[in-house]
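Below is one structure, written out as structure tokens; the observations come after it.
In what follows, every chain begins at residue 1, and chains take the letters A, B, ... in the order their sequences are listed.
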Number of protein chains: 2
Amino acid sequence: MANIFLMKSIFQTIQDFSVEELNLLDDLITIRTLKKGEFLLSENQVCNEIVFIKKGILRSFFLNHKGDEITNCFAFENEFMASFASFITEQKAEENIQALIDTELQVLNRKALEKLYQSGFNWQETGRKLTELEFVNLHKRMVSFQKLSGSQRYEELYKNHQKYLQLIPLQYLASYLGITPRHLSRIRKTVA
Amino acid sequence: MANIFLMKSIFQTIQDFSVEELNLLDDLITIRTLKKGEFLLSENQVCNEIVFIKKGILRSFFLNHKGDEITNCFAFENEFMASFASFITEQKAEENIQALIDTELQVLNRKALEKLYQSGFNWQETGRKLTELEFVNLHKRMVSFQKLSGSQRYEELYKNHQKYLQLIPLQYLASYLGITPRHLSRIRKTVA
DNA sequence: AGTTTTTTAGGACATTTGTCCAGTAAAAGA
DNA sequence: TCTTTTACTGGACAAATGTCCTAAAAAACT
């Protein structure tokens, strides 16, 4: 069976769960592994699962009108990932989610989540709180696009997540920051 | 007493409420009006209320490092508005919320909302669903910043919300789109 | 209505960022 | 290990966008 101790302890920080409530997870979580480059989700599929990253890195990207890949999100160990927009609306996703390195996931699918929600107040409230946290994260990213330039966003990222930067190909970073690889290369000369 | 029929009917579309559940709102909603230019919220205050716009327009903005006002959101009649990030985290807001024209609001404050949440499953679930919808809206805006240029964002806005564009000073629109007023003026010549 | 303040348009120029490209380096595959 | 593919750097130039500014228009105030 999956070792979901860590995931449980994250839920525990959000809500004062009983052991029984947390143990509901045991039968609902499944395991999945992805090889480097493999896809968890392709655009035009409905996203029906939320994953917890036990090991590895995921990135989410979509295509612009020219067909360039635009990375809109990275997720690392001990973080949740999904196309939340698709999961919520049950519409086809615009994003692809791909493993940047070999990755090990703990999966909670829609039916499992609904079971949790139906099980009572606490899980329902946790769902709201987690959604709120996702909102706040997204809001921060949105603000960084409105008040910072591409190079300032890079500096922020460099300050806060330097350890990750080595792991991520520059082209993915560039589109995540909203600039071209050419320009990121220029910026790197002055910052790093 | 406030006429909150419309607000109720919006909640009704999200959740299958009983009349009694909806009527809980009656004692929890208060009324507030703002004159053009007045502030609903100033930065460095914690946002403790969510408002429903009965009449009028609100905009939310923050300041960048130069002291320029950056508009990050508009809200119109029959929409909800708050500094959601501040409301959620209970940290000081980075935004100011201001009335663009004389505005009439129906206000739900934190305590009132918590009462609703405590009242049972349905309001709890509605809270989650509304948060999800806010997330999806923000996500759309984020995607528009990653995959479109400033002028493309203007064209989208022009197509979808032309009626509002007349009402909003160009300088506010520009920062909302992530460009300078000078540049928006250039864009307008080619589009409009 | 007259006056003052704020907003908008657009010229001239500067800066930032993108495009295209070629050479090199690094990684993946056989 | 060798070969092939993919990723990165940086030059030269082009396009997009910003800065600064002035005059006109619109809005607000008295």
Side-chain angles (χ1 to χ4, degrees), chain A residues 34-39 56-57 59 61 63-71 74 96 98-103 144-158 164-192, chain B residues 34-38 56-57 59 61 63-71 74 98-103 144-158 164-192:
Chain A
L34 295 173
K35 289 271 172 213
K36 174 173 183 171
E38 266 191 282
F39 284 69
I57 307 177
R59 76 156 179 142
F61 69 95
L63 302 178
N64 69 7
H65 64 105
K66 291 187 210 156
D68 302 328
E69 294 184 358
I70 311 285
T71 297
F74 297 105
N96 306 272
Q98 185 184 30
L100 282 194
I101 58 179
D102 291 358
T103 294
S144 84
F145 265 75
Q146 281 202 275
K147 68 157 52 154
L148 304 179
S149 66
S151 45
Q152 289 170 319
R153 280 195 293 282
Y154 178 75
E155 285 175 47
E156 287 285 314
L157 199 63
Y158 187 81
Y164 292 141
L165 297 194
Q166 280 71 1
L167 301 172
I168 299 174
L170 170 137
Q171 43 170 342
Y172 297 165
L173 267 185
S175 69
Y176 177 74
L177 294 168
I179 59 182
T180 57
R182 175 69 189 89
H183 192 52
L184 180 52
S185 162
R186 255 190 295 243
I187 290 168
R188 269 190 162 165
K189 273 224 309 210
T190 73
V191 177
Chain B
L34 296 174
K35 290 268 173 217
K36 175 172 184 173
E38 267 191 283
I57 307 177
R59 77 156 179 142
F61 69 94
L63 302 179
N64 68 8
H65 65 104
K66 289 187 209 155
D68 301 329
E69 294 184 358
I70 311 286
T71 297
F74 297 104
Q98 186 185 30
L100 283 195
I101 58 180
D102 291 358
T103 295
S144 84
F145 265 75
Q146 282 202 273
K147 67 157 52 155
L148 303 179
S149 67
S151 45
Q152 289 170 319
R153 279 195 294 283
Y154 178 75
E155 284 176 47
E156 287 285 316
L157 198 63
Y158 187 80
Y164 293 140
L165 297 194
Q166 279 72 1
L167 302 171
I168 300 174
L170 170 137
Q171 43 171 338
Y172 297 164
L173 266 186
S175 69
Y176 177 74
L177 293 168
I179 60 181
T180 57
R182 175 69 189 88
H183 192 53
L184 179 52
S185 160
R186 256 189 295 244
I187 290 167
R188 270 190 162 166
K189 273 223 311 207
T190 72
V191 176

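Every residue two or more places apart in sequence or in another chain was checked for a side-chain hydrogen bond (donor to acceptor under 3.5 Å, both in side chains) with A:Gln171, and none qualifies. Scanning for ring pair (Phe, Tyr, Trp, His ring centres under 6.0 Å) contacts around A:Phe145 gives an empty result, with sequence neighbours left out. Take B:Asn64 and apply the side-chain contact (heavy atoms from CB on, under 4.5 Å) test, not counting sequence neighbours, and it matches A:Lys147, B:Lys66, B:Asp68, B:Ile70. For B:Glu38, there are no salt bridge (Lys or Arg N to Asp or Glu O under 4.0 Å) partners, not counting sequence neighbours. A search for side-chain hydrogen bond (donor to acceptor under 3.5 Å, both in side chains) contacts involving B:Ser185 returns nothing, not counting sequence neighbours. Residues satisfying the ring pair (Phe, Tyr, Trp, His ring centres under 6.0 Å) test with A:Phe61, not counting sequence neighbours, are none. Listed by chain and residue number, nothing satisfies the side-chain hydrogen bond (donor to acceptor under 3.5 Å, both in side chains) test with B:Arg182 (two or more places apart in sequence, or in another chain). The ring pair (Phe, Tyr, Trp, His ring centres under 6.0 Å) search around A:Tyr164 returns A:Phe76, A:His161, not counting sequence neighbours. In this view, A:Glu155 satisfies the side-chain hydrogen bond (donor to acceptor under 3.5 Å, both in side chains) rule with no residue, not counting sequence neighbours.
Read 5' to 3', the first and last nucleotides of DNA chain D with an atom closer than 4.0 Å to a heavy atom of chain B are D:dT17 to D:dA28.
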Given A:Arg188 and A:Tyr154, is the side chain to side chain donor-acceptor pair (under 3.5 Å) satisfied, shown in steps? CA-CA 9 Å; A:Arg188 269 190 162 165; A:Tyr154 178 75; 3.3 Å; yes

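Per the geometry, OH belonging to B:Tyr172 stands 14 Å off C1' belonging to C:dT8, to the nearest Å.
Each end of the helix from C:dA1-D:dT30 to C:dA30-D:dT1 gets its own axis from five base pairs, and the two axes differ in direction by 70°, given to 10 degrees.
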Going 5' to 3' through nucleotides 12-30 of chain C, assign each nucleotide B (protein heavy atom under 4.0 Å from a base atom), S (under 4.0 Å only from sugar-phosphate atoms) or - (no protein heavy atom that close). B----SBBB-------S--

